[in-house]
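Each chain gets a letter, A, B and so on, in the order its sequence line appears, and its residues count up from 1.
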Amino acid sequence: MDDRAIDIARLIPWLPALSAVVCGVCCTSRKLRVLAAPVCIAAIAAAFVLTLKAYPHVFDDHGHGVFHVSWLFTWIRVGGFTADMSYYLDPLTMVMLIVVTGVGTLVAIYAAGYMAGDRGYARFFAAVSLFIFAMTTLVMADNLVLLYLGWEGVGLCSYLLIGFYYDKPSAVAAAKKAFIVNRIGDLGFALGIFLTYHQFATVQFSELFQILATQPSEASTPVQIIPFLLMLGAFGKSAQLPLYVWLPDAMEGPTPVSALIHAATMVTAGVYMIARLFPLFELSPYALPTVAIVGTATALFAATIAMCQYDIKRIYAYSTISQLGYMFLGLGVASTTAAVFHLLTHAFFKALLFLTAGSVMHSLAGQLDLRHMSGMRRKMPVTCWLMFFGCLALAGFPFTAGFYSKDMILADTLQKGLTGHSTLYTVLAVAGLFVAFLTAFYTFRLWFRVFMGPTKYEMGQEHGHGADHHPDGVSSDIKVEHHHEPHEVNWLMNAPLLVLAAGALLAGYLAHHWIGDMIQGSSARPLRQAIGAHGAAHHATLFGMDLHLAMMYISSVIAVVGIATAAYFHWLNRGAADRVAAKWAGLVRVLANKYYVDELNDSVIVRPLRFIGYLCFVFDRLIIDGLVMTVGFVPRMFGLALRPAQRGALQGYGIGMATGTAVVVLLVLMVYF
Amino acid sequence: MMYSPDQLLPLLVLIPLVGGLALSLLPNQVVPAMAFVWTVVTLAVSVVVACLAYQPIDGNPAVTFLSSGDLFFESFIPWVDGFGLSFSFGLDAISLWLVLLTTALMPLVMLGSFSAIKHRVKEYYTWLLLLEAAMIGTFVATDLIFFYICFEFTLVPLFFLIGIFGSTQRLKAAKVFFLYTFTGSMLTFAGVLYVAWFNASQTGLWSFEIAQLARAAQAMSLEQQTWVLLALLAGFAVKVPLFPVHTWLPLAHTEAPTGGSVILAGVLLKLGTYGLLRFALPMTPIATVVYAPTIATFAVVGILYTALICWVQKDVKKLIAYSSVSHLGFCVLGMFALNTIGVSAAVMYMINHGLSTGALFLCIGMIYERFHTREMARMGGLARVMPIWAFFMVFFSLASVGLPGLNGFVGEFLALLGAFMARDVLGVGYAVAAGFGMILAAIYILYMVGKVVFGPVLIPEHDDQHQPPYPSGHTHGKHAHVRDLNAREIMTLTPLAVGCLLLGLFPTPLLSSLKPAVDKLVEPARLVLAGRPHGEATIDEVTTIIFIDPTVQHGHPQDPDAARHGH
Amino acid sequence: MHYALYMASAIGAVAVYMMMPRRGYTPSRIGGLLGAMTLGGLWLYLAKALPATLGIADEAFVYYYIFSGIAIASSVRVITHTKPVYAALWFVMVVLASAGMFLLLGAEFMAMAMVIIYGGAILVTYLFVIMLASQDAGEASGEKGDYERLPYEPVAAVAVGFLLLATLLVASFNPAPANPAARGESDERIIATVLTDRPAKRLAEHTGAGVEGAPGLPTALADRASLYNTERIGLDLFRGHPLGLELAGVILLVSLAGAVVIARLRVDPQPDGGDGDAAGRLAADAV
Amino acid sequence: MPETIGLHSFILSHFLLTGAVVFALGLVGFLSRRNLIVMFLCTEMMFQGVAISLVAFSRYHANDTGQTFVIFVLTIAAAEAALALGLVVLLFRRKRTLDALAWSQLHG
């Protein structure tokens with residue numbers, strides 16, 4: 001096989017980068033603005049095509065996964081430390097690239113319609129292109145530092161896109177929050193990189209994995225700390241406890257952004273990173289359980305909050321956090337296949353859900369509140385059924401994509417619990433099942449509320465999505481229609497949704513085995529703590545069945561029960577829901593206020609820190625500067641005391657001079673006589 | 001006979017000096033343009049110097065002037081022979097890059113000042129050119145006294161730039177700036193004179209050649225070195241400025257005219273770090289090793305402390321000024337890691353900070369020129385009315401925050417890595433603590449960007465009280481027509497943006513050219529460290545706490561290369 | 001002897017202070033008496049130690065007391081008189097008295113030059129200026145008399161002046177021994193070049209070569225003694241210090257030009273004064 | 001003639017005493033009198049004191065250069081008189097007073 005044929009993959013990040021520059025140029029002129037979307041779509045699509053072209057090269061002749069390092073140029077080299085612009089291509093990279101460029105293309109096409117007429121049209125596509133550049137760099141990076149570049153790069157794009165409607169203070173605040181919370185995680189990541197270099201003297205994956213393969217299973221303490229530091233970065237980027245707070249607020253961005261960045265791709269970077277560095281995580285006996293526990297806790301936590309939210313996008317945001325929790329659970333039980341599989345299916349159905357939510361929002365002039373809409377299926381039939389498929393997948397309805405992947409995670413967890421006789425994993429699996437029920441419930445709560453029941457709606461306050469961004473009078477036809485009544489969106493926007501819906505329904509079934517092969521051929525393959533490492537003989541059974549099969553039955557039941565419950569409370573008998581809510585008013589209030597975590601953060605971290613800032617400032621001005629000024633005060637006093645001597649009278653100086661002379665002469669005389 | 005490039009360095013100092021003096025002969029109208037052209041000429045000469053430095057010697061592309069780490073292009077103009085005084089010039093990679101930074105910033109400063117300075121034009125540009133001469137002189141001097149003369153002379157032009165062209169509190173600022181830094185550097189002068197005396201008493205010959213003094217000073221006892229190090233710190237730490245002697249900086253920065261702020265942040269602060277690099281490391285290696293943790297502690301405290309202060313500022317310029325203190329903390333931290341990575345990072349950081357913070361000051365200056373205010377509460381959402389400006393502002397803010405791909409990241413990351421790797425000197429605790437500075441940097445910069453660039457549009461009403469003493473010619477009635485950047489302003493910022501991006505993506509030509517020189521600087525400290533037994537009190541306690549088991553830690557090899565073989 | 005000198009200085013200071021003009025009563029007579037007694041006392045005290053050989057004619061030494069007394073007394077009047085014209089005239093007395101002392105010292109040329117240049121030329125200039133400046137000073141301000149009459153910090157001035165005097169006196173009464181080698185290179189050159197062709201007779205008068213029993217002088221001294229004071233100064237000035245002479249001429253020329261320029265400046269009267277640009281304006285007005 | 005031999009040092013001291021007193025009195029006058037003209041007069045008096053000392057030394061060392069110096073002193077005094085008096089007249093024309101304190105513009 002010709003190794004260098006794969007080098008064409010090096011262009012994958014740079015096409016979107018070029019597109020970002022071109023779109024940036026488009027920003028400057030109103031005439032060029034319309035070019036931005038085609039350029040961006042073309043670039044991402046081209047990247048997708050390149051991905052497909054490079055795809056065959058990551059397998060050897062026997063179909064086993066191999067890796068290639070494709071060197072582009074020297075980036076940082078100093079004193080033995082090397083971090084180059086080079087790309088590491090293996091099956092895991094390919095999976096991620098397909099998700100990123102594939103979903104990216106679809107979302108970009110959707111956005112071309114969705115953002116039409118927006119004042120920041122070109123700016124949007126510039127940022128999206130930049131994001132694709134950063135994200136592809138992230139998944140293709142050959143070393144930790146380049147990964148970090150992509151990592152921070154996607155954070156930047158997230159910042160720019162959340163704050164896209166920068167006239168809205170809430171959007172700016174959300175953007176800032178996202179960046180800063182991510183930075184906290186990034187610090188952990190950076191320290192992890194330092195420690196990795198410190199311990200292994202390299203940050204390049206190919207070398208690192210080679211070293212790790214020969215590591216003794218009893219790793220030293222510093223080595224065991226590395227995964228915990230990296231984990232912090234992953235938690236920040238993938239919105240896990242306790243660093244999840246930025247993601248719900250990130251919904252201030254345009255909906256395609258929420259779909260692409262905050263659901264399908266960027267937030268899964270943490271999952272990718274742990275999967276990529278799985279050999280490192282395996283070195284510590286505590287790292288993976290921690291990941292699993294945090295993942296499950298996050299899943300549960302976010303799912304409960306999602307139960308009581310009314311904002312469609314926020315519900316999906318919490319749902320995303322919850323689903324990411326599942327992925328971390330999958331990683332935590334060393335089932336990287338399941339985690340990446342869920343990542344893949346989630347990308348499809350969550351992107352679909354966000355984009356359909358965007359369609360609803362689009363047609364209701366920015367209205368997102370569940371309480372102000374109902375029975376929309378008559379107005380927007382296509383959107384209605386597209387979202388239905390997405391909801392099915394999210395709820396884990398049998399044979400949809402989410403069903404397979406979620407199932408695999410839960411089954412692997414349970415298996416680990418049963419075969420290893422570990423109570424922890426059993427509990428986690430049960431909790432995961434409970435979250436599955438909650439997921440099915442809140443998903444369909446939303447769908448029934450929006451599309452079922454009597455047709456009733458209030459248009460949003462805003463003329464578009466976000467603030468009024470048409471002061472220059474540029475307004476599309478769609479915007480004018482807003483003022484009349486809701487409508488179905490055009491087919492430019494619906495076409496990508498159809499593809500996504502197909503993915504949401506079929507990806508699970510189709511990719512079921514493929515993903516396993518891909519992961520087994522990559523660095524994410526568990527070596528030490530693989531499930532069933534003790535051999536097939538210990539393959540656990542449940543109710544006399546193969547565990548995976550049993551889990552399918554269980555979760556199917558749970559999904560159906562969840563959907564049925566939601567149907568009862570939110571479609572057939574909405575009054576009952578209100579009564580239940582009234583009965584549990586306290587709990588509902590806590591959940592509706594997201595456990596008051598934002599308030600807690602504000603009063604425990606932000607305000608005290610800012611107060612310390614003020615204290616420092618005062619200290620700086622008064623004490624430190626004061627001290628310096630006091631030091632300066634002493635000569636000043638001397639000066640003040642001597643000042644009368646210099647009063648400008650000629651004879652005053654004369655007296656001084658004569659005195660000086662006399663004293664000097666006197667001194668000389670005293671010495672000599 | 002081949003042309004000798006040795007005379008280029010005196011020329012490099014003389015060009016701006018002569019240019020500055022010659023400006024006074026020109027009519028007022030052409031002064032700004034001529035000053036600009038003149039700095040471009042200087043830039044061209046410095047680029048020629050750089051090209052010659054990179055030229056292969058004897059046709060071997062691997063061997064250039066830079067590859068040995070020695071001084072090159074040395075030349076001497078005798079001065080006082082009896083005391084070994086001469087105007088001696090020489091370059092190594094570190095000074096070459098700093099000279100390039102100086103000469104590259106200067107034309108931009110000139111360009112950025114065209115509309116801001118309308119009165120006493122001639123003085124302004126004359127002082128700037130003299131300042132450039134002094135700064136270049138500081139970087140190329142290899143004679144102690146010559147270095148010191150140039151170092152001190154930088155104060156004079158800046159004193160007048162702040163005092164004449166600054167804003168409301170300019171006189172106080174100029175005075176504080178001058179006295180603060182001057183007092184410190186007098187002590188430094190005493191310290192280096194002591195070293196010169198020591199050298200004379202050892203060798204019987206007076207010499208002020210820095211390299212010779214460094215060789216001689218290494219023979220001093222720890223106590224002597226400590227005093228010398230203290231004296232060096234008195235001048236250079238004030239100049240950097242290192243916490244807690246930083247309080248002159250916010251005032252000076254805030255009150256200085258834009259051009260002055262840019263030069264101050266861009267180059268003058270680097271004189272402090274450059275001084276530490278040139279003197280502290282080679283002259284007092286023992287004291288440096290012993291006190292590196294102390295100095296680094298001050299650096300780290302400064303990083304966090306000033307970052308927190310930045311967050312509560314109301315004045316944009318003051319915020320950026322305080323952020324300089326925070327940033328240079330990273331630089332000092334990297335430097336006192338005393339390893340190749342850290343010191344290279346420190347040099348890289350000097351250049352990065354010069355570019356990005358200089359550019360931020362230019363951006364703020366453009367706002368000040370339009371609105372005559374720097375208060376964040378009075379402006380907002382400028383992205384709506386000045387999108388091009390907003391682009392640059394956000395770009396440079398991100399460079400300042402250390403976004404990978406831009407220049408700030410490389411320096412910051414490597415400085416932290418250097419501190420992290422320097423187990424014998426600093427250690428993990430310093431890197432972790434300084435790492436929180438990265439978070440705080442994001443907080444305050446985004447806070448500023450969020451207030452000024454984003455948010456609802458708020459354009460400051462013009463306020464007479466905030467009018468500078470010499471208002472620009474630009475009319476500013478109702479802000480109905482806030483104009484975005486014009487071509488000249490874009491031309492001012494674009495080179496800096498390109499520089500940030502280039503250094504962010506291709507730092508290696510810089511880093512690899514620095515390596516020989518940096519290795520030379522680090523060598524004395526490395527020897528001291530090599531001679532010291534492990535496990536003494538120098539092993540960082542914080543490391544021990546983080547790595548619960550100290551025995552594991554001691555078992556690990558110090559050297560990354562050794563580690564590679566070990567595993 | 002030091003203590004006597006210190007004490008005399010102190011008492012003299014008190015005396016001069018008493019004679020300083022001031023508001024109200026000025027005990028100038030008492031001060032004058034005290035000063036005279038101090039000077040006289042000091043001389044008497046010193047006279048006890050007078051050596052046998054003075055170096056000048058014994059009978060002439062009386063004149064020293066006379067001339068010196070006049071010079072000192074006149075000096076005191078110069079600084080204590082409230083009218084500038086009188087001060088100037090008293091200064092003429094100082095000049096005349098010191099010319100007398102020059103005669104005692106055998107410096108006839110200097111004595112004459114003093115009288116002519118100082119007493120004749122410079123002082124007359126002063127008198128002109130005083131008259132020029134005083135003529136309408138009366139109308140300018142009501143406080144006219146104050147600055148003429150009232151001294152500026154007399155205590156400090158007197159204290160400092162007499163402190164310096166005391167030190168000078170102590171130094172004066174401990175002179176280094178006369179040094180024949182002080183004869184400069186110039187002297188040697190003069191003798192070697194100029195005096196070679198002087199009439200042998202005049203030399204002989206001083207060396208005693210032609211006169212029997214005359215005490216005679218060593219040749220070196222006789223060389224000089226054979227010339228008149230004026231001749232010697234002329235030789236010393238023109239042969240020994242030609243450069244200084246030229247410089248003096250240049251200085252005089254420059255000051256002449258300067259005086260002309262200054263005299264031609266036109267200034268606006270500014271009774272209240274107070275601006276720092278005066279010098280600048282002067283320069284600007286200069287033609 | 002015997003008087004052309006050097007003076008006895010004690011006699012020299014007498015002349016020096018006179019010179020010193022005249023010089024000191026001139027100094028006192030310069031420092032205390034406020035009339036610009038009288039102040040300059042006092043400086044002339046200080047010259048006079050110095051001149052006496054110089055001539056006495058000239059005799060003491062039997063060296064004529066002392067007297068030559070007096071000529072230079074005279075020259076300077078003349079030059080000073082010309083310039084200083086011109087300036088005094090100028091200052092007087094400006095302020096209409098000869099008070100030295102009228103020209104003190106620093107207020108310490």
D:Leu27, part contacting chain C, at a heavy-atom distance under 4.5 Å: side chain
Distance (rounded to the nearest 0.5 Å) between C:Leu235 CG and D:Asp64 CG: 9.0 Å
Engaged part of C:Phe67 at the chain D interface, taking heavy atoms whose separation is under 4.5 Å: neither
Heavy-atom contact with chain C under 4.5 Å, split by part of D:Leu87: both
Residue pair C:Val78 / D:Leu25, side-chain heavy-atom distance below 4.5 Å: no
Residue pair D:Leu85, C:Tyr126: steps toward the side-chain contact (heavy atoms from CB on, under 4.5 Å) verdict: CA-CA 7 Å; D:Leu85 290 177; C:Tyr126 270 92; 3.8 Å; yes
C:Leu237, part contacting chain D, at a heavy-atom distance under 4.5 Å: both
Where D:Leu83 and C:Ala259 come nearest, the two heavy atoms and their spacing: CD2-N, 3.5 Å
Residue part contacting chain C, namely of D:Leu36, when any heavy atom lies under 4.5 Å: neither
D:Val21, part contacting chain C, at a heavy-atom distance under 4.5 Å: both
Partner set under side-chain contact (heavy atoms from CB on, under 4.5 Å) for C:Tyr65, not counting sequence neighbours: C:Trp43, C:Ala47, C:Leu50, C:Phe61, D:His14
Structural part of C:Ser74 lying under 4.5 Å from a heavy atom of chain D: neither
Chain D contact via C:Ala263 - which portion, at a heavy-atom distance below 4.5 Å: backbone
Minimal non-hydrogen separation, C:Ile79 against D:Cys42, with atom names: CG2-SG, 3.9 Å
Proximal component of D:Phe40, with respect to chain C [non-hydrogen, under 4.5 Å]: both
C:Leu46, part contacting chain D, at a heavy-atom distance under 4.5 Å: both
Which atoms of C:Leu247 approach chain D - backbone, side chain, both or neither, heavy atom under 4.5 Å: neither
Which of D:Val89, D:Val88, D:Leu74, D:Leu12 touches chain C most, by non-hydrogen pairs under 4.5 Å: D:Leu74
Straight-line distance of D:Ser32 OG to C:Glu153 CD, nearest 0.5 Å: 10.5 Å
Under 3.5 Å side-chain donor-acceptor pair for C:Tyr118 and D:Gln48: no
From CA spacing to verdict: side-chain contact (heavy atoms from CB on, under 4.5 Å), C:Leu123, D:Leu41: CA-CA 9 Å; C:Leu123 258 296; D:Leu41 204 59; 4.1 Å; yes
Heavy-atom closest contact (D:Arg34 atom, C:Pro151 atom, distance): CD-C, 4.2 Å
Structural part of C:Phe173 lying under 4.5 Å from a heavy atom of chain D: both
When D:Val70, D:Val28, D:Leu16 are compared by non-hydrogen pairs under 4.5 Å with chain C, the top option: D:Val28
Worked verdict on D:Met45 versus C:Ser75 for side-chain contact (heavy atoms from CB on, under 4.5 Å): CA-CA 8 Å; D:Met45 206 156 80; C:Ser75 303; 3.8 Å; yes
Heavy-atom pair count under 4.5 Å with chain C, highest-scoring of D:Val22, D:Thr75, D:Val55: D:Val55
Residue pair D:Ile11, C:Tyr64: steps toward the side-chain contact (heavy atoms from CB on, under 4.5 Å) verdict: CA-CA 10 Å; D:Ile11 302 305; C:Tyr64 162 75; over 6 Å; no
Which portion of D:Ala77 sits near chain C, non-hydrogen atoms under 4.5 angstrom: both
For D:Ile52 against C:Phe102, the heavy-atom pair lying closest together: CA-CE2, 3.7 Å
Leading residue by heavy atom contact count with chain D [cutoff under 4.5 Å; candidates C:Gly244, C:Gly249, C:Pro154, C:Ala97]: C:Gly244
Interchain contact, C:Leu42 with chain D, by part (heavy-atom threshold 4.5 Å): side chain
Segment of C:Ala121 engaging chain D (4.5 angstrom heavy-atom cut-off): neither
Engaged part of D:Ala51 at the chain C interface, taking heavy atoms whose separation is under 4.5 Å: both
Exam field: side chain D:Arg33 to backbone C:Pro84, donor-acceptor pair closer than 3.5 Å: no
Contacting region of C:Leu164 [heavy-atom separation from chain D under 4.5 Å]: side chain
Between C:Ser172, C:Gly161, C:Ala88, the one whose heavy-atom pairs under 4.5 Å with chain D are most numerous: C:Ser172
Heavy-atom donor-acceptor pair, D:Arg93 side chain to C:Leu265 backbone, under 3.5 Å: yes
Point-to-point distance, once rounded to the nearest 0.5 Å, from OG of D:Ser58 to CG of C:Asn229: 8.0 Å
C:Val16 portion near chain D, given a 4.5 angstrom heavy-atom threshold: side chain
Nearest heavy atoms of C:Ala107 and D:Gln67, plus distance in Å: CB-OE1, 3.5 Å
Spacing of CG belonging to D:Asp99 relative to OH belonging to C:Tyr152, to within rounding of 0.5 Å: 11.0 Å
C:His241 vs D:Thr65 side-chain heavy atoms within contact, under 4.5 Å: yes
Least distance between heavy atoms, D:Ala81 atom then C:Ile122 atom: CB-CG2, 3.9 Å
Heavy-atom contact with chain C under 4.5 Å, split by part of D:Val38: side chain
